[in-house]
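Residue numbers start from 1 in every chain, and the chains themselves are labelled A, B, ... in the order their sequence lines are given, proteins ahead of strands.
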Amino acid sequence: MQNLLQNLNPEQYAAVTLPAESALILAGAGSGKTRVLTTRIAWLIQTGQISPSGLMAVTFTNKAAKEMQARLSAMLPINTRSMWIGTFHGLCNRLLRAHFRDASLPQTFQILDSQDQLSMVKRILKANQIDDDKYPPRNVVYFINNAKEQGLRAAKVNTYDPTSRQLAEIYGIYEEQCQRDGVVDFAELLLRTVELLASNQPLREHYQARFKHILVDEFQDTNDLQYRWIKLMAGTQSAVLAVGDDDQSIYAFRGANVGNMASFEREFRVQHRIKLEQNYRSHGHILDSANALISNNTERLGKNLRTDAGQGELIRIQEAPSDREESQWLVEQIKELTRQGIASSEIAILYRSNAQSRVIEHALFSASLPYKVYGGLRFFERAEIKHAIAYLQLMDNPHNDSAFLRVMNFPARGIGAKGQENLQDVARQHGLSLYAAVPHLGGKAGSTLGAFVKLIEAARFETQMLTLPELVKRVLEMSTLIQHYQNEKDGEDRVENLEQLVSSAAQFIAEEGFANDAPALMGPASIASTNIVQGDGVEILDADAALNTLMSPLSAFLSHASLEAGDNQAQVGQDALQLMTVHSAKGLEFDAVFITGLEEGLFPHENSAKETGGMEEERRLMYVAITRARQRLFISFAQTRMLHGQIRYNTKSRFLTELPEENVKWLSPKVQQNWFSSPKSAWDADDQYSQRSQFSGAGSSSYQNKVSYAAPHNIIPTNEDGWRIGLSVRHAKFGEGIIIKLEGSGSNCRAHIQFYKLGLKVLDLNIAKLEKV
DNA sequence: GGAGGAATGTTTTTT
DNA sequence: ACATTCCTCC
């Protein structure tokens with residue numbers, strides 16, 4: 001035990017050895033959060049305060065869950081597979097499998113991923129002749145997921161106008177369809193579990209009594225439904241350890257509610273709040289900058305990182321005339337870092353949006369610098385894999401319409417759009433699944449579809465006793481998927497992926513502890529034997545959490561395919577530069593980090609201004625970006641950038657002005673764009689006018705650094721008609737103002753103009769009569 | 001059923 | 001600019 005607690009700093013030690021009461025750990029970036037979480041678990045077990053089955057640890061990503069299991073295994077000789085360590089969705093999946101009857105689900109219910117959910121909504125809109133211009137499928141999906149995250153069923157959704165009534169109606173049809181198909185979407189996994197626990201007292205009390213300790217990672221990212229689930233699992237007796245960092249909350253856009261941290265402290269009567277502020281990652285200049293930047297946010301619980309690592313290097317800031325030159329500069333800097341002996345894989349290039357990667361990739365490619373882009377298509381999201389999975393889903397549940405639709409005519413077997421529509425009509429009339437409706441269909445479509453149904457039935461019969469890898473292999477053969485791709489030009493990769501599916505099935509069986517010869521379709525006998533019937537007749541499962549005790553190998557594999565879409569990350573080990581969005585960089589760290597595109601409108605993103613709290617979230621995003629760096633941090637921006645086929649003229653990000661001057665070094669001339677680059681600049685303040693007038697002259701203002709640089713005219717670009725950012729203009733109606741952004745060119749050129757009296761307007765330069773002042 | 005052209009929509013993302 | 005999806009025509 002002494003080993004476990006060795007080398008913890010006082011705050012970490014305090015967190016690890018907290019009494020069995022609820023607590024909030026504010027864990028700053030690089031403060032050893034995962035270490036505290038895993039050591040806490042190990043300490044609780046080793047000191048005999050809890051058995052491995054008496055605690056639950058929840059994360060957001062599979063990666064984090066696996067990391068926790070791996071570190072725990074290294075600390076204690078225990079089987080972590082049977083422990084309740086997993087993602088919100090993974091653990092809910094397990095609960096619903098164990099209590100499928102109480103949750104009114106078929107035992108082999110399947111999980112709809114986002115793609116499937118969207119196609120299902122599209123299908124419903126079509127079948128009910130709802131105008132998808134008025135109700136775009138994406139919005140409908142958003143509406144449904146949102147309602148579910150509020151815990152609202154279709155019948156309970158607030159409707160206040162015809163549009164919301166229609167949306168609620170679609171939601172209702174969607175619910176019915178899912179139930180009939182035996183499928184649940186991601187939000188449903190959570191909602192179903194919450195409803196199950198809320199309505200089933202014995203079950204709820206059972207789990208509340210069982211899990212004396214609940215640990216939640218990245219608590220700032222929880223949404224309302226996830227928070228409700230934690231409350232239901234905890235009851236009043238369990239000790240909940242919430243670990244999070246409000247300054248790293250960057251997922252409000254997908255429903256995360258930082259407010260859950262405050263609610264947690266209040267509702268769980270938290271007596272222990274521990275701040276982990278000692279940073280083990282970054283050098284001083286980097287950390288000071290991060291601290292200074294984030295102090296501009298008002299909504300904070302308050303935290304300041306410190307380091308013993310020394311000040312280190314200054315942060316380098318580069319201004320480039322264009323995005324291409326920014327990338328060129330990147331190449332030079334990276335070559336220099338490589339010369340200094342920094343491994344490429346220890347260098348990250350971060351950007352706010354994926355669209356920015358193209359020009360960077362181009363420059364890196366031309367310079368023959370190897371790189372990896374994170375965030376592409378993942379293994380189980382590839383079309384050929386989705387097709388194979390659909391066939392596998394039909395083995396377990398042929399009434400899954402989503403799966404049926406995906407492959408009933410793939411590979412093509414002559415079932416046209418007409419036939420498909422007829423089948424859907426017949427199915428709707430009889431209230432049947434597509435599969436069950438086939439015998440009611442006549443004509444040519446009836447016989448071709450009949451053949452397809454026979455194929456599925458034959459496959460189901462033939463594979464009954466096969467193991468999972470055998471079953472996958474056989475289904476690939478019978479479906480002729482592999483054949484189809486072999487005949488297709490450029491199909492080699494797809495064939496390879498399909499073959500890899502067989503090996504990933506074999507690997508899965510081994511990792512999850514299924515018997516090598518277990519029939520894929522057969523549920524484990526242990527489900528029945530571990531169900532204990534309590535006095536009041538409610539079945540309570542008290543098995544471990546291992547998949548092999550809850551599901552058939554096939555069911556488990558299909559869950560795995562939906563819940564862990566596979567790696568979207570570059571291969572580790574290979575020495576290549578790491579390209580990714582700031583969002584995907586969260587949780588990672590690198591020796592050297594480049595943050596690119598620090599421009600108003602891009603970072604902070606222009607869309608963020610529309611959302612309440614949007615600017616603060618952008619600033620947290622910048623905070624996350626800065627704190628990824630261990631030793632070297634570079635920040636760059638470009639005056640012009642190609643975006644959506646148009647040249648955009650942007651000004652430097654306000655975040656740059658929020659970094660303390662003593663921590664940064666400007667590599668390029670600092671351009672005088674002061675009139676609008678300061679976030680606090682007030683347009684109606686008189687002294688702003690005088691600053692503006694300094695622009696046309698070449699001198700530096702007091703606002704500037706001591707050093708004076710080249711005249712800004714050389715740097716700020718002028719477009720073909722002589723318009724440029726910073727130009728003062730007069731409009732007959734709006735009065736005087738200043739151009740802060742230019743979009744497009746030629747006959748399609750607009751200017752964003754900040755008028756002193758009337759504020760921001762966007763004017764078409766070919767229409768508006770503007771006078772240069 | 002597939003090729004080729006038009007229309008469309010582009011912040012961030014996990015499960 | 002560019003990818004994806006939709007639509008039309010053979």
Side-chain angles (χ1 to χ4, degrees), chain A residues 58-65 86-93 111-119 122 132-133 136-138 145 148-149 184-191 217-218 221-223 225-226 249-256 323 350-359 362 374-378 380-381 383 409-420 484 488-489 559-569 580-587 597 601-611 614 617-618 620-622 624-625 641-648 744:
Chain A
V58 198
T59 64
F60 274 84
T61 64
N62 293 296
K63 198 177 156 206
T87 64
F88 280 95
H89 294 85
L91 294 176
C92 285
N93 183 39
I111 300 165
L112 227 47
D113 70 15
S114 323
Q115 283 178 40
D116 302 331
Q117 189 188 25
L118 185 66
S119 8
K122 283 181 183 164
D132 58 0
D133 284 330
R138 307 197 69 88
N145 291 340
K148 289 191 179 187
E149 275 171 23
V184 298
D185 59 41
F186 289 132
E188 185 73 26
L189 283 171
L190 262 302
L191 180 53
D217 192 17
E218 304 277 19
D221 288 339
T222 52
N223 66 29
L225 195 52
Q226 288 158 340
S249 157
I250 55 173
Y251 285 114
F253 73 90
R254 65 172 194 211
D323 49 353
L350 310 183
Y351 33 80
R352 175 66 179 81
S353 64
N354 287 303
Q356 289 166 250
S357 78
R358 178 169 303 278
V359 61
H362 182 81
Y374 284 59
L377 250 203
R378 296 139 90 207
F380 285 104
E381 288 168 356
N409 196 36
F410 194 96
R413 45 177 73 84
I415 303 164
K418 263 278 157 50
Q420 302 194 13
H484 173 265
E488 197 177 61
K489 59 175 182 350
S559 292
H560 166 80
S562 306
L563 293 176
E564 305 189 40
D567 257 353
N568 70 336
Q569 327 221 316
M580 66 192 86
T581 63
V582 179
H583 280 93
S584 19
K586 190 173 164 214
L602 194 63
F603 198 178
H605 198 279
E606 54 199 348
N607 292 0
S608 69
K610 297 189 198 95
E611 288 144 39
E617 178 142 324
E618 293 290 307
R620 291 193 291 271
L621 200 49
M622 183 62 185
V624 167
R641 183 175 293 279
M642 197 59 131
L643 200 65
H644 310 323
Q646 288 186 327
I647 294 175
R648 304 237 319 204

* If only side-chain N and O atoms of A/Asn354 are considered, is one of them under 4.0 Å from the OP1 or OP2 phosphate oxygen of B/dT12? -> yes

* What is the nucleic acid contact for A/Leu350, judged by heavy atoms within less than 4.0 Å: base, sugar-phosphate only, or nothing? -> nothing

* Asked: Between A/Asp185 (CG) and B/dT14 (P), how many Å, whole number?
  -> 18 Å

* Inter-nucleotide C1' distance (B/dT12, C/dT5), Å rounded -> 23 Å

* To do: Go through B/dT13, B/dT11, C/dC6 for me and flag the one nearest to the A/Lys122 side chain.
  => C/dC6

* Asked: What nucleotide among B/dT15, B/dT11, B/dT13 has an atom nearest to a side-chain atom of A/Ser584?
  -> B/dT13

* When you get a sec, tell me which of B/dT11, B/dT15, B/dT13 is the closest nucleotide to the side chain of A/Tyr251? => B/dT13

* Just checking, is any N or O donor in the side chain of A/Ser353 or A/Gln356 under 3.5 Å from an acceptor N or O on the other one? -> yes

* Between P of B/dT14 and CG of A/Leu563, the distance in whole Å -> 14 Å

* With no angle test and no hydrogens, is the base of B/dT15 tied to the side chain of A/Ser114 by a donor-acceptor pair under 3.5 Å? -> yes

* Asked: In whole angstroms, how far is the C1' atom of B/dG9 from the CZ atom of A/Arg138?
  -> 10 Å

* For the atom pair CD (A/Gln117) and CG (A/Asp185), what is the distance rounded to the nearest 0.5 Å? -> 4.5 Å

* Which whole-number value in Å describes the distance from A/Asn223 CG to B/dT13 P? -> 18 Å

* Atom-to-atom span, CG of A/Leu118 to P of C/dT5 - whole angstrom -> 10 Å

* If you look at every strand shown and take non-hydrogen atoms under 4.0 Å, does A/Gly416 touch a base, only sugar-phosphate, or nothing? -> nothing

* ring pair (Phe, Tyr, Trp, His ring centres under 6.0 Å) assessment of A/Phe253 paired with A/His605 -> CA-CA 13 Å; A/Phe253 73 90; A/His605 198 279; over 10 Å; no

* Asked: Of the nucleotides C/dA1, B/dT14, B/dT11, which one has an atom closest to the side chain of A/Arg254?
  -> B/dT14

* To do: Measure the distance from CD on A/Gln115 to P on C/dT4 and round it to the nearest whole Å.
  => 12 Å

* **C/dC6 and B/dT11, which share atom name C1', separated by this distance in whole Å** => 25 Å

* To do: Establish, with yes or no, whether the OP1 or OP2 oxygen of B/dG1 is under 4.0 angstrom from a side-chain nitrogen or oxygen of A/Asn409.
  => yes

* Look at A/Thr581 and B/dT13 and indicate whether a side-chain polar atom (N or O) is within less than 4.0 Å of OP1 or OP2. => yes

* To do: Would you mind reporting whether A/Phe603 and A/Val582 have side-chain heavy atoms less than 4.5 Å apart?
  => yes

* Asked: Does B/dT12 have A/Phe253 stacked on its base, where the ring centres are within less than 5.5 Å and the planes differ by under 30°?
  -> yes

* To the nearest 0.5 Å, how far apart are CZ in A/Arg358 and OH in A/Tyr351? -> 11.0 Å

* Give a yes/no on whether any side-chain N or O of A/Asn62 is located under 4.0 angstrom from OP1 or OP2 of B/dT14. => no

* Structure fact -> Of A/Glu618 and A/Gly414, the one whose nearest nucleotide on DNA chain B sits closer to the 5' end is A/Gly414

* To do: Using the closest heavy atom to pick a nucleotide of DNA chain B for each, name whichever of A/Asn607 or A/Ala565 lands nearer the 5' end.
  => A/Asn607

* Nearest-0.5 Å distance, CZ of residue A/Phe60 to CG of residue A/Asn223 -> 7.0 Å

* A/Arg378 vs B/dT15: side-chain N/O to OP1/OP2 distance below 4.0 Å -> yes

* For atom CD of A/Glu488 and atom P of B/dG1, their distance in whole Å -> 14 Å

* Give a yes/no answer on whether the side chain of A/Arg358 brings an N or O atom under 4.0 Å of OP1 or OP2 in C/dA3. => yes

* A/Gln226 side chain near A/Leu190 side chain, heavy-atom distance below 4.5 Å -> yes

* Asked: To the nearest angstrom, how far is A/Gln356 atom CD from B/dT11 atom C1'?
  -> 10 Å

* To do: Check the geometry between A/His605 and B/dT11 and answer yes if their rings are stacked (centres below 5.5 Å, planes below 30°), otherwise no.
  => yes

